[in-house]
Every structure is written in C-alpha cells, then in structure tokens.
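Numbers restart at 1 for each chain; the letters A, B, ... are given by sequence-line order, proteins then strands.
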Amino acid sequence: MSEATVLENVQTDEIDYRELDRIIEEEFNNDKENLIMMLQAIQKRYNYLPRPALEYLSLKIEIPTGRIYGVATFYSTFSLKPRGRNIISICLGTACHVRGGERVHERLEELLSIGDGETTEDKRFTLESVRCIGCCSLGPVVKINEGIHGRISSDQVEKILDHYE
Amino acid sequence: MKIQSVKDLEKVSQAYISNLYMPDKIKVNIGMASCGIAAGAKAAYDKILKEYPDKNGIHLCQTGCIGFCEEEPLVEILEAGKPRVMYKHITEDKIIDAVQGYIAGEFNKKWILGQMKDPRSLLEDDVDNPLAGVEPIEGVPVLEDIPFYNSQVKIAMRNCGYIDPDTIEEYFARKGYVAFIQALKEIKPAEVIDIIKESGLRGRGGGGFPTGTKWATCAKHHGDHYIICNADEGDPGAYMDRSILEGDPHSVLEGMLIAAIAIGSRQGFIYARNEYPLAVKRLVTAIKQAESYGLLGENIAGTDFSFNIKISTGAGAFVCGESTALMASLEGKVGRPRAKYVHTVEKGFRENPSNLNNVETYANVPAIVLKGAEWYGRMGTEHSKGTKVFSLVGKIKNTGLVEVPMGVSLRDIVFTVGGGIPKKKAFKAVQTGGPSGGCIPEQFLDLPVDFQRLSEVGSIMGSGGMIVMDQDTCMVDIARYFLDFLQEESCGQCNPCREGIKRMLEILTHICDGHGKEGDIELLQELGNMVAKASLCGLGTSAPNPVLTTIKYFRDEYESHINDKKCPAGVCKPLFHYEIDEEACTGCTLCAKKCPQDAITGEKKKPHKLEQDKCIKCGICYDSCKFDAIVVR
Ligand SMILES: Cc1cc2nc3c(=O)[nH]c(=O)nc-3n(C[C@H](O)[C@H](O)[C@H](O)COP(=O)(O)O)c2cc1C
Ligand code: SF4
Ligand code: FES
C-alpha cells in the first residue's frame with residue numbers, strides 16, 4: 001500500500017502529520033529502536049494512541065503495524081482508547097496496599113461509577129491503577145495528572161476530585 | 001571549560017565550596033525530590049521566591065532527599081559561623097517564620113529535626129569540618145545522633161540532600177569525578193576491575209552478583225561493549241534508585257564512566273522507569289552539564305577515551321527490569337526475557353557484550369575507587385560488603401530511606417532506625433525483596449541483614465524494599481496481592497509462570513472470599529514448587545516466594561481463613577465484621593459522622609450502635625476511632 005492510500009483511509013482532521021513527522025524524524029531520528037519513546041510522545045500529544053497515527057508510524061519506520069500493536073499492548077502505559085481529561089493513577093504498590101490503598105481505590109470506583117482502566121462518560125476522568133510511583137512514604141498515594149496527593153483516606157477522595165474539571 | 005585533571009576539578013569547585021558549607025548570606029535548602037514535592041516542598045519554595053522577590057539576601061536552593069521522608073518537607077537553613085538547622089514538616093505556611101526565626105536567632109524547637117554536626121561526605125575526610133567551632137543551639141538534638149541517623153553510613157546516598165542535583169559544580173565540590181579522572185589517567189582498566197573485585201561489591205538490583213566479576217567477564221568478550229544502567233525500579237515499595245537519580249545523578253554517571261573505562265565501552269544507556277519523570281529530567285540536565293565540562297563525549301580529558309550516555313524510558317512493564325527483557329526493550333521491542341544459555345555480558349544489547357548494573361551499584365563505584373577496596377571491605381559481613389539502602393515503608397513510624405552497613409539486624413532497622421510500629425500496634429512481619437521476596441516474622445528479628453542470611457529464611461535482599469506489616473495486615477491477602485501483581489506482569493511466554501501463577505491466585509482468591517477448602521494449602525505448595533522450578537526467568541522462579549513464606553510462618557492465618565472462615569486481621573471482607581465495643585465507646589460521634597453509609601447511630605456520650613446490613617466494611621470508622629472501640633470480629 002502506498003503512503004497516499006493509507007492517508008486517504010484515516011481521519012486526517014484528527015491527526016497532525018507534520019507533528020508526527022517532527023516526533024518521528026527530529027525527536028527520534030527515524031530510529032526503530034526508539035519505538036517505545038515515539039509511542040510515548042504520540043500518547044502525550046493525543047492522550048492515547050490513535051490508530052491512524054500508528055499506521056503512519058508503521059510506514060515511516062518500516063515496522064509492520066501488527067508489531068507496533070504488539071508493543072503498544074505489551075506495555076501498560078499505552079492506551080488504544082481515548083482517555084479522559086484527567087488521569088487518576090491510584091497506587092496499588094505494596095506500601096500503599098498495606099496502608100489501605102485498596103479502600104481508596106474502591107471509593108474512587110464507587111464515586112466515578114467506573115472500573116479500573118475505564119473513562120467516565122463525560123470524559124472527565126480516567127481511572128488507572130499503578131504499582132508504586134516512588135512516593136511510598138506518603139502512602140496511600142493518588143496521582144491526578146501531574147499532582148501527587150499523599151496520605152489519602154477514602155473519606156477525602158470526593159473533595160480532591162472536586163478540584164478537577 | 002573542559003576538565004583535564006583533578007586540579008581542574010578543584011579549581012572549578014573553589015567557588016562552590018563556600019556556597020555549600022559557609023554561605024555568606026542565609027542559605028535555605030529545600031528537599032525537592034518527588035517525595036518532598038508531593039509533601040509540599042515546591043509550594044514552600046515558591047513562597048520564599050514570592051516573599052523575597054529580589055531574594056533579599058537569601059540564597060534559595062533545591063536539594064534531593066536526605067531520606068527522612070516521614071518528616072517532609074524538610075528545610076535546612078544555614079549561614080557561615082552559625083549552626084546548620086534541619087526543620088521538619090515545613091510547609092508554605094511555616095517557611096517564612098522558620099527563616100525569620102533563624103535570622104533572629106530564635107528557634108522554634110518543635111519545628112526542628114536537629115542541628116547538623118558535620119555536613120561533609122565520606123569522601124571529604126581530608127578537609128576540615130566546616131561546622132567545627134560553631135556554637136550549637138542549646139536543647140536541640142544533633143541530627144547525626146537521633147536514632148534515625150546514628151547507625152547510617154552514607155556511601156551510595158552520600159550527596160542526596162546535600163547538594164543541588166542540577167549543579168554539577170556542587171558535585172565536584174564533594175570530590176565528584178575525581179575517581180573517574182584517576183581511573184582514566186592513573187589506573188589501568190584491569191586494575192579498576194581488580195579494585196571493584198577486591199572491594200566485594202555485589203549488585204544492588206536484586207541478584208547480588210559480584211560486580212567486579214561481571215565487569216571482568218564482559219571485558220573479556222569481543223565486540224562493541226555497552227554499559228547499561230538499570231533504573232527500572234519495578235519493585236513496589238522500593239524507591240532508593242529514584243532518590244539517587246533525583247538527588248545525585250552524577251554519582252551514577254560517574255559510576256558508569258568508570259565501568260566504561262574498565263570494560264572498554266563507548267556507549268552507555270540508562271533505562272529509566274516511565275513513572276519517574278523528575279529523575280529523567282535531572283538525568284538529562286546532568287548529562288548536558290557533564291558534556292559541557294568534557295566529561296562525556298569525545299576524547300574525554302584529552303585522552304582517546306570517548307563515552308556517551310543515552311536515556312531510554314520504559315513503559316510500565318515490571319518484567320523489563322530483568323536483564324534480557326530490558327535489553328530487548330532498549331531495542332524498541334516487546335520486553336520478553338530469553339533463556340540465558342548465552343549471558344548478556346557476552347551477547348546482550350544489539351547482540352554485543354553488555355554490562356548491566358543497578359543505579360545504586362553504580363553510585364557506590366566512585367567512592368570505592370577513591371577510597372580503596374580495603375576501606376569498603378571493612379564494612380559489612382563476610383560475603384556482603386559495604387552498605388545497603390533500604391526503603392522503610394508500610395506500618396512504620398519513620399518511613400524513609402536508610403543506608404546502613406550490611407549485617408545490621410532487622411530489629412535495629414525496624415525498631416531503632418525505623419522507630420517501630422505506629423499507633424501502638426503489634427509488629428507482624430517485614431516483607432523484603434518485593435514480589436520475589438518473602439515475609440519475615442518476628443522470631444527472626446535479630447537476623448543480621450545480608451544476602452545470605454535473608455535467603456536462609458526464605459526471602460531475598462532484592463532491591464532493598466522493606467515493607468513493615470502490623471496486626472492489621474492479613475498475610476493471606478498479602479500473598480494474594482503479590483500473585484495478583486505477578487500474574488499481571490508475567491510476560492506470558494512460559495506455561496508454568498503464566499498458568500501456574502493464575503491458578504495459585506484463584507485458590508488464594510477463593511480462600512480470601514471464604515471458599516477455601518481443605519487441601520488448598522498443600523495444593524498451593526505443590527503448585528508453587530512447580531512454578532519455581534519450571535519457569536524461565538526470575539519473575540517466575542521467585543513468584544511463589546511470598547506464598548510459600550507466608551504459609552511457612554503464618555499457617556494459622558491460612559487455617560482460620562479456610563476452616564473457621566475468619567480473617568483475624570480484618571482485611572478479607574467476607575470473613576469479618578466490625579462491632580462496637582460498648583465499654584470502650586465514649587459516644588464521641590466521630591464514626592457516626594464519618595460513616596458514608598449512615599450505618600452507625602447513637603446519642604452523644606452514649607455507646608453507639610452499628611447496623612451490620614448497612615455496613616460496607618470500608619473501615620473508615622475503624623481508622624478514625626481514637627478509643628479502639630471499633631473491633632474486628
Ligand atoms: C522480574 C525481574 C525484575 C527485576 N527488576 C529489577 C529492577 O527493577 N531494577 C534492577 O536494578 N534490577 C532488577 N532486576 C535484576 C536485574 O535482572 C539485574 O540482575 C540487575 O539489574 C543487575 O544489576 P546489579 O548486578 O547491579 O544488581 C530484576 C530481575 C527480575 C528477574
Ligand atoms: S517466567 Fe514468566 S515472566 Fe519470565 S519469561 Fe516465563 S512467562 Fe515470562
Ligand atoms: S507503593 Fe505506592 S508509591 Fe510506592
């Protein structure tokens with residue numbers, strides 16, 4: 001398939017191919033070894049990995065789309081579905097677990113009516129569990145976007161969520 | 001300027017030494033590793049910038065984490081000729097008062113953790129203590145004498161919390177890169193390897209393999225040698241690598257450089273965890289600064305030695321901490337371990353000889369080269385030399401990072417350094433070695449901690465995570481927890497690990513749900529032994545450890561789950577309920593107010609009642625009761 005036919009098949013309005021070129025060529029040198037970091041950059045830009053972007057990437061660095069999907073599904077940071085405006089990462093690492101992280105997790109699921117890895121209907125939140133973000137001394141820890149909230153108890157969860165639109 | 005010699009390093013350092021130790025205006029050091037920032041250090045930092053916009057005679061500085069995470073944000077204030085004071089829990093609203101108090105010579109003792117006796121690192125014992133002759137503040141403890149610090153010996157963490165990680169010159173000022181220049185100009189590569197061998201340094205990433213031997217084998221094989229740093233730190237509850245990278249990135253770069261000379265490599269890689277953005281940012285800065293001084297790049301210090309370091313980030317896969325998986329991931333592939341018929345020191349990254357060490361291992365190297373193998377070998381036990389950083393987390397008073405000589409007893413670490421268990425609860429176990437480790441019960445508290453002794457009781461050193469558990473921790477739930485983690489993280493290519501862990505998890509989940517039956521314990525043991533024997537990589541072979549050790553030491557808890565359908569710790573929801581102890585209840589109404597289900601009712605100052613069918617066992621009442629009136633039945 002030529003580059004042109006693939007381009008016709010995707011929703012070009014969503015994807016900025018110039019931006020993709022910049023990531024693939026300038027930032028990561030068109031180098032296959034940088035695939036994981038390219039995917040990270042794409043996810044940073046779109047909040048998830050849009051299929052057309054992966055197909056384009058596949059053509060550019062000459063790795064079959066299937067293998068790119070293999071990598072994207074192997075590593076837990078990557079999401080193939082659009083995510084919410086705010087990403088909640090609840091830590092379920094051991095230190096947080098013994099200090100009641102699970103209860104905070106349950107409270108979050110209850111308040112948002114979603115399960116792990118899901119996004120609320122209004123796209124306000126995506127809930128993801130992670131295993132340790134290295135702030136174990138503050139456990140249980142919840143990270144929302146870039147902000148870390150430590151020593152959380154389940155009754156404080158609601159108030160914290162109010163800060164995020 | 002390009003550094004050519006140790007003299008050059010000293011020349012550049014000059015201007016920074018006084019700034020580090022004897023600033024002519026007030027200096028405020030704020031601990032700004034991720035943990036400090038999360039505790040409010042950034043807000044405190046910004047508050048100073050706002051209050052003293054022209055900096056008004058204040059020198060404000062960010063440092064890494066000095067290890068006492070429980071007391072963060074930690075702020076240190078110093079000035080030439082005056083005591084050097086470490087303040088604790090200094091948030092935005094306290095910082096200005098703390099600074100003004102220091103200026104006025106009035107110290108709010110409640111806010112002070114201690115005054116420092118000697119800020120020098122172990123590498124600087126040939127220079128005078130800058131605090132010698134300074135009149136101490138009366139009635140304020142000496143920082144180095146408080147139990148949390150007094151048995152610590154900081155080698156790997158020698159600069160964490162003492163210098164600005166974004167200023168390479170401060171690293172120079174504490175003898176940084178001296179070992180590297182010596183290794184480059186005065187010592188033969190084979191001798192460097194001998195020093196590391198003789199020191200007895202063993203890998204700090206988990207396996208404890210002798211570092212010098214690894215270097216020697218790697219150097220022996222032909223090809224393009226690669227020096228790789230494992231900064232994947234996947235073990236949940238361990239965060240010393242993050243702290244070193246955020247607090248002293250140059251110590252790791254210098255360790256890698258020395259390895260590169262010894263092994264003969266031109267290219268290094270740091271494989272960093274995706275969850276550690278600040279560590280990556282500080283590494284990027286550190287690499288740029290080292291390049292600008294000619295310490296990385298081509299023809300370093302006028303020799304024909306060239307070395308570059310590239311940072312690669314992982315993407316959230318625990319198994320990528322394993323050496324062969326890590327190298328596959330570095331190549332941009334799926335991170336599946338391979339069988340090690342051929343070791344990575346012979347054929348690793350890009351099919352070439354590759355030396356992989358952990359962050360803490362590299363951070364130790366410059367100190368060993370500078371002070372000698374004999375000095376290092378004097379610390380520790382027969383087969384485990386030097387110090388180890390442990391992260392003390394979980395149900396422990398002084399959470400934080402502690403670096404102690406190998407051989408210190410678990411009791412000293414947990415009860416003296418760690419301060420014991422909070423809220424007067426009873427100690428139950430300490431889990432070491434992460435998901436591959438085991439749970440060590442009270443009877444082994446006097447065990448000297450080293451590689452050998454930990455494995456004798458069924459656990460491992462691992463990366464140094466120590467998760468302390470108290471009476472409220474259910475050991476069956478902990479075993480289930482680790483298996484849940486591992487079944488998610490198994491790469492899935494071999495049957496015993498993929499299927500075996502899943503089946504074990506099913507059994508444990510049944511037990512925790514109250515459907516355990518006789519024979520389950522034996523079945524778990526049988527499966528566990530099979531998984532351990534037949535799996536390919538370390539993830540699978542060590543996966544049953546948490547289950548097998550909890551069965552060995554806490555069999556009674558398994559039995560009460562299975563036979564009596566009771567969870568004595570009050571964790572497995574179907575197996576317990578909360579009750580109110582009418583004699584202990586003072587009727588303070590706190591629980592009734594906090595219960596999200598309105599399951600607790602009662603009048604003020606009268607014992608309350610709990611309605612079982614409304615209760616969802618969220619535990620909010622249990623955690624908030626000040627009188628131990630909510631009990632697990
Ligand atoms: C499943 C698994 C996960 C591992 N995770 C890490 C890790 O996060 N960090 C690390 O340094 N070593 C980890 N290791 C150990 C490495 O394979 C390797 O032994 C180590 O990085 C070598 O460095 P060292 O000799 O300096 O310890 C892991 C091993 C296994 C089997
Ligand atoms: S033991 Fe488990 S993690 Fe290791 S290679 Fe086999 S399936 Fe993968
Ligand atoms: S276990 Fe939660 S931050 Fe480490």
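- Shortest non-hydrogen contact noted between A/Thr94 and B/Phe482 is CG2-CZ, 3.4 Å.
- A search for salt bridge (Lys or Arg N to Asp or Glu O under 4.0 Å) contacts involving B/Glu331 returns B/Lys333, not counting sequence neighbours.
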(message) Working note: B/Lys573 + A/Glu106, criterion salt bridge (Lys or Arg N to Asp or Glu O under 4.0 Å); need CA distance, chi angles, decisive distance, verdict.
(response) CA-CA 13 Å; B/Lys573 282 191 180 173; A/Glu106 279 167 15; 2.7 Å; yes

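- Considering only residues two or more places apart in sequence or on other chains, A/Asp31 meets the salt bridge (Lys or Arg N to Asp or Glu O under 4.0 Å) condition with none of them.
- Highest contact tally toward chain A, considering only B/Pro596, B/Ser312, B/Ser624, is held by B/Ser312 [criterion: heavy-atom pairs under 4.5 Å].
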(request) Could you walk me through whether B/Lys42 and A/Glu146 pass salt bridge (Lys or Arg N to Asp or Glu O under 4.0 Å), step by step? (result) CA-CA 13 Å; B/Lys42 177 75 171 59; A/Glu146 296 308 311; over 6 Å; no

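- In terms of heavy atoms, A/Val98 sits closest to B/Val468 at CG2-O, 4.3 Å.
- A salt bridge links A/Glu33 and B/Arg350; the closest N-O separation between the charged side-chain nitrogens and carboxylate oxygens is under 4.0 Å.
- Most heavy-atom pairs under 4.5 Å with chain A: of the set B/Gly314, B/Gly394, B/Cys491, this distinction falls to B/Gly394.
- Proximity to chain B is limited to the side chain of A/Asn34, based on heavy atoms less than 4.5 angstrom apart.
- A/Met37 pairs with exactly one of B/Asn274, B/Ile311, B/Thr313 by the side chain to side chain contact (heavy atoms under 4.5 Å, CB included) rule, that one being B/Thr313.
- Ionic pairing of B/Glu233 and A/Arg131 is not present here: no N-O contact between side-chain nitrogen and carboxylate oxygen is shorter than 4.0 angstrom.
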